[in-house]
Every structure is written in C-alpha cells, then in structure tokens.
2 protein chains.
Amino acid sequence: MTAIEILKKLKEKGVRFTPQRQAILEFLLGTDTHPTAEEIYHHVKAKFPGVSLGTIYNTLNMLKEHGHIMELSYGDMCSRFDGNPKNHYHVACTDCGRIVDLHSPLLDLEQEVGEKTGFLVQGHRLEFYGVCPECSTHKRAKMN
Amino acid sequence: MTAIEILKKLKEKGVRFTPQRQAILEFLLGTDTHPTAEEIYHHVKAKFPGVSLGTIYNTLNMLKEHGHIMELSYGDMCSRFDGNPKNHYHVACTDCGRIVDLHSPLLDLEQEVGEKTGFLVQGHRLEFYGVCPECSTHKRAKMN
DNA sequence: GTATTTGCAAACACTTTGCGTCAGG
DNA sequence: CCTGACGCAAAGTGTTTGCAAATAC
C-alpha cells in the first residue's frame with residue numbers, strides 16, 4: 001500500500017490529508033533503515049523547511065495508533081531492570097505494564113540468524129505482549 | 001549468587017562495596033517484578049532515606065556493565081519507526097545501532113506462551129543483537 | 001590519606017502539550 | 001467557515017553529569 005492510499009483510507013476516518021503527513025509516510029515506507037524521529041524530521045525538512053519535530057511526532061503517533069507503522073521501543077514505559085542477565089523471555093501486559101518471566105526452553109536461532117544476515121550475533125531478546133490474567137479478569141468484571 | 005557475593009567479586013575489580021549498592025542489588029535479586037529505576041529508588045529509600053536517584057542509576061549502570069543485571073529497553077537508543085507494522089524480526093548492531101529486518105519464517109509460539117502464562121497473547125517481538133558485517137569489517141581494519 | 005562514591009542539583013535528550021495561526025474539506 | 005493540523009516554544013519525563021562532602025579501604 002502506498003502512502004497516498006493509506007492516507008486516503010485514514011481520511012474516511014476523519015483524519016486530514018496533509019502534504020507533511022504524505023512526506024513522512026512516504027519516507028517511512030520507502031526506507032528499511034528504521035529511522036528515528038529526528039532522522040525523519042531532517043529528511044522531511046528538505047522538502048518542507050518549516051516543518052517541526054512536533055508534527056513528526058504527532059504524525060507518527062497517529063499512524064501508530066491506526067496500525068500503519070510500528071514503534072521499536074517500550075513506548076511510554078521506561079527501562080526496567082532484571083536481576084537475571086541471562087537470556088530468558090518476557091511477557092508484558094499491555095494493560096498494567098507488568099512484565100513476567102517465561103521459563104521456557106531456549107530457542108537455538110542465533111546461528112541461523114547469523115548465517116542469514118552476516119551479523120556476529122551476540123544475543124537476542126524475545127518478548128511477548130498481551131493482557132495478563134489479572135487484567136483480563138478485571139476487564140470481564142468491569143463489563144458486568 | 002547473592003548480592004554480597006557479587007559485590008565481593010566486583011571488589012576484586014576495584015569496585016567499592018557500599019551499603020547502598022548492597023541494598024539495590026539485594027532488592028533486584030529478590031524480586032521478579034522487573035522494577036523501574038524509580039521503584040528501586042523508593043524501595044532503597046526506605047532503608048537509606050538520603051539515597052538519591054543518581055546513585056540508583058550509577059549503580060544500575062555499573063552492574064549492567066559487569067553483566068550482573070540486564071536492562072529491558074533499547075538502552076541509549078531512542079525509538080525507531082518501522083513502516084511495516086506486521087510481526088517481523090529485527091537484528092540490531094551493538095556497534096553502529098543499525099537495525100535490519102529479518103525475513104524469516106515466523107514462529108508459532110504465541111499459543112504456547114498463552115497456555116503457559118495465562119496471558120491473552122496479542123503479539124511478540126524478537127530481536128537479535130550483535131555486530132553487523134560492516135562494523136566487524138571496520139573493526140578488523142582498525143586492528144591492522 | 002586518597003581515590004571512589006554519595007547526594008544534590010543542574011543539564012540532557014527525547015517526547016508531548018498548549019496555543020495562536022493556517023488550511024483542508 | 002469550522003475543525004483539525006501546523007509551527008513554535010515551553011513543559012514533562014527519564015537519565016546522566018558535575019561537584020563538594022562523605023566514606024571505603
């Protein structure tokens with residue numbers, strides 16, 4: 001899907017089509033470098049010298065909320081620390097933010113990934129996210 | 001390994017043993033809630049009312065550098081955005097920060113994780129990290 | 001004793017928010 | 001027109017840094 005097609009779809013949901021948004025989305029769709037907000041800002045500024053970082057963030061958040069792009073971070077959460085530095089997996093609750101450990105057999109994918117990408121793979125992190133039992137219970141309770 | 005044992009090992013590397021550090025590490029080892037720096041601060045403050053957030057961060061960074069704890073975040077990187085919101089995997093270079101996509105067969109682990117934890121699993125993120133081919137080439141060049 | 005660590009506060013970096021103006025529909 | 005988006009700047013948040021006083025060794 002092109003940037004214009006996505007923005008046309010969003011227009012039906014009451015989101016306005018602006019040239020800044022088009023430029024931001026086109027840049028993001030046309031690259032695989034996973035740019036930071038700052039990098040997007042500099043790029044869009046070449047075409048729209050007056051654009052501001054606030055607009056970049058607003059647009060990225062809007063696109064993220066509609067599921068058209070993805071943010072690679074914990075989002076609004078800050079760092080959390082784990083006393084166990086070995087590879088193990090985490091499951092995070094999107095509702096309450098709780099993170100629980102998953103004691104599961106480790107995957108042996110690192111070598112495969114190294115061969116596919118040429119990286120010297122040093123480690124990996126696997127995180128699942130969803131709603132924890134407590135939160136889904138509360139939600140059900142609230143609905144009644 | 002207990003907090004005291006870890007700190008004794010670190011003492012051999014010239015890291016001083018302080019009661020604040022002991023309290024921070026003991027709290028971290030004794031919980032599986034993956035606390036934030038702020039949460040650790042409040043907890044340690046109960047025993048050491050004069051402790052400061054700066055000390056918490058200094059200690060956490062020291063412990064992280066020595067590999068005794070783990071930080072759940074991108075660390076010093078800021079958010080990066082990806083035009084493709086579907087599940088796919090990333091490989092991050094610990095040297096230059098570049099993130100590349102991995103187009104690999106998806107794992108079908110979400111159901112398994114849901115059964116083990118009781119979560120309603122909505123998605124997952126799998127990231128590998130290591131040194132990218134370019135950086136390992138540069139490193140080799142620098143050594144010569 | 002002396003070098004490291006602490007506590008405090010100021011600085012920083014990234015992101016969000018508020019507000020007056022501008023422009024898409 | 002009128003509402004949402006823009007540009008700008010100020011405020012927020014989480015983290016780091018600089019420095020004098022305290023403390024481990």
Side-chain angles (χ1 to χ4, degrees), chain A residues 3-4 6-25 34-66 69-81 97 99, chain B residues 3-4 6-25 28 34-66 69-81 97:
Chain A
I4 292 183
I6 290 174
L7 289 171
K8 275 189 183 166
K9 274 206 170 184
L10 289 174
K11 189 144 75 171
E12 294 165 14
K13 299 187 188 173
V15 176
R16 286 198 184 158
F17 186 116
T18 72
Q20 291 92 334
R21 287 176 172 179
Q22 185 187 341
I24 292 168
L25 188 49
H34 307 82
T36 61
E38 196 78 25
E39 284 161 4
I40 298 168
Y41 172 59
H42 284 307
H43 194 272
V44 172
K45 200 162 188 162
K47 207 176 279 182
F48 296 93
V51 80
S52 75
L53 247 182
T55 299
I56 306 294
Y57 279 109
N58 285 337
T59 299
L60 291 172
N61 285 335
M62 183 272 290
L63 291 169
K64 189 175 55 174
E65 270 157 33
H66 286 88
I69 66 169
M70 168 180 202
E71 184 176 1
L72 307 182
S73 90
Y74 274 98
D76 54 341
M77 293 183 211
C78 56
S79 282
R80 290 175 169 275
F81 296 86
I99 297 179
Chain B
I4 291 182
I6 290 174
L7 288 171
K8 276 189 183 166
K9 274 205 171 185
L10 288 174
K11 189 144 75 170
E12 294 165 13
K13 299 187 189 176
V15 176
R16 289 203 180 153
F17 187 116
T18 72
Q20 292 90 337
R21 285 176 174 175
Q22 185 186 344
I24 293 167
L25 187 51
L28 212 39
H34 307 83
T36 61
E38 196 77 28
E39 284 161 4
I40 298 168
Y41 171 59
H42 285 306
H43 193 272
V44 172
K45 201 162 186 160
K47 205 176 283 182
F48 298 91
V51 80
S52 74
L53 248 182
T55 299
I56 306 294
Y57 279 109
N58 284 339
T59 300
L60 291 172
N61 285 335
M62 182 274 290
L63 291 169
K64 188 174 59 174
E65 270 157 33
H66 287 87
I69 66 169
M70 169 181 199
E71 184 177 0
L72 306 182
S73 89
Y74 273 100
D76 55 342
M77 292 183 214
C78 56
S79 281
R80 290 176 169 274
F81 295 87

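Per chain, numbering begins at 1; letters A, B, ... match sequence-line order. Remember, it's a predicted structure, so these values are computed and weren't measured experimentally.
B:Leu10 is listed as a side-chain neighbour of B:Met62, based on a closest heavy-atom distance under 4.5 Å. Contact annotation: the side chain of B:Ile24 never approaches that of B:His43 to less than 4.5 Å [non-hydrogen atoms, C-beta and beyond]. Looking at heavy atoms from C-beta onward, A:Lys9 lies out of side-chain contact with A:His66 at the 4.5 angstrom threshold. For the pair A:Ile69/A:Leu25, a side-chain contact is recorded, criterion being any heavy-atom separation below 4.5 Å from C-beta on.
Rounding to the nearest 0.5 Å places CG of A:Asn61 at 6.0 Å from CD of A:Glu65.
Between A:Asn61 atom CG and D:dA5 atom P there is a gap of 13 Å when expressed in whole angstrom units. Counting to the nearest Å, the P atom of C:dT5 and the CG atom of B:Leu7 are 12 Å from each other. The CD1 atom of A:Ile24 sits 7 Å away from the P atom of D:dC6 (whole-angstrom rounding). Regarding A:Ile40, its CD1 atom lies at a distance of 14 Å from the P atom of C:dC14, rounded to whole Å. Look at CG on A:Leu53: it is 10 Å from P on C:dC14, rounded to the nearest Å. The nearest whole Å value for the distance from the CD atom in A:Gln22 to the C1' atom in D:dA5 is 15 Å. Distance CG (A:Leu60) to C1' (C:dT16): 13 Å, rounded to an integer number of Å. In this structure, NE2 of B:His42 is placed 10 Å from P of D:dG14, rounded to the nearest angstrom.
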Determine, for nucleotides 18-25 of chain D in 5'-to-3' order, which nucleotides have protein heavy atoms under 4.0 Å from the base (write B), from only the sugar-phosphate (write S), or from neither (write -).
-----BBS
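Along DNA chain D, the nucleotide nearest to A:Phe48 and the one nearest to B:Glu38 differ in position, and the one closer to the 5' end is contacted by A:Phe48.
Taking the side chain to side chain contact (heavy atoms under 4.5 Å, CB included) definition, one finds that B:Lys8 meets it with B:Ile4, sequence neighbours left out.
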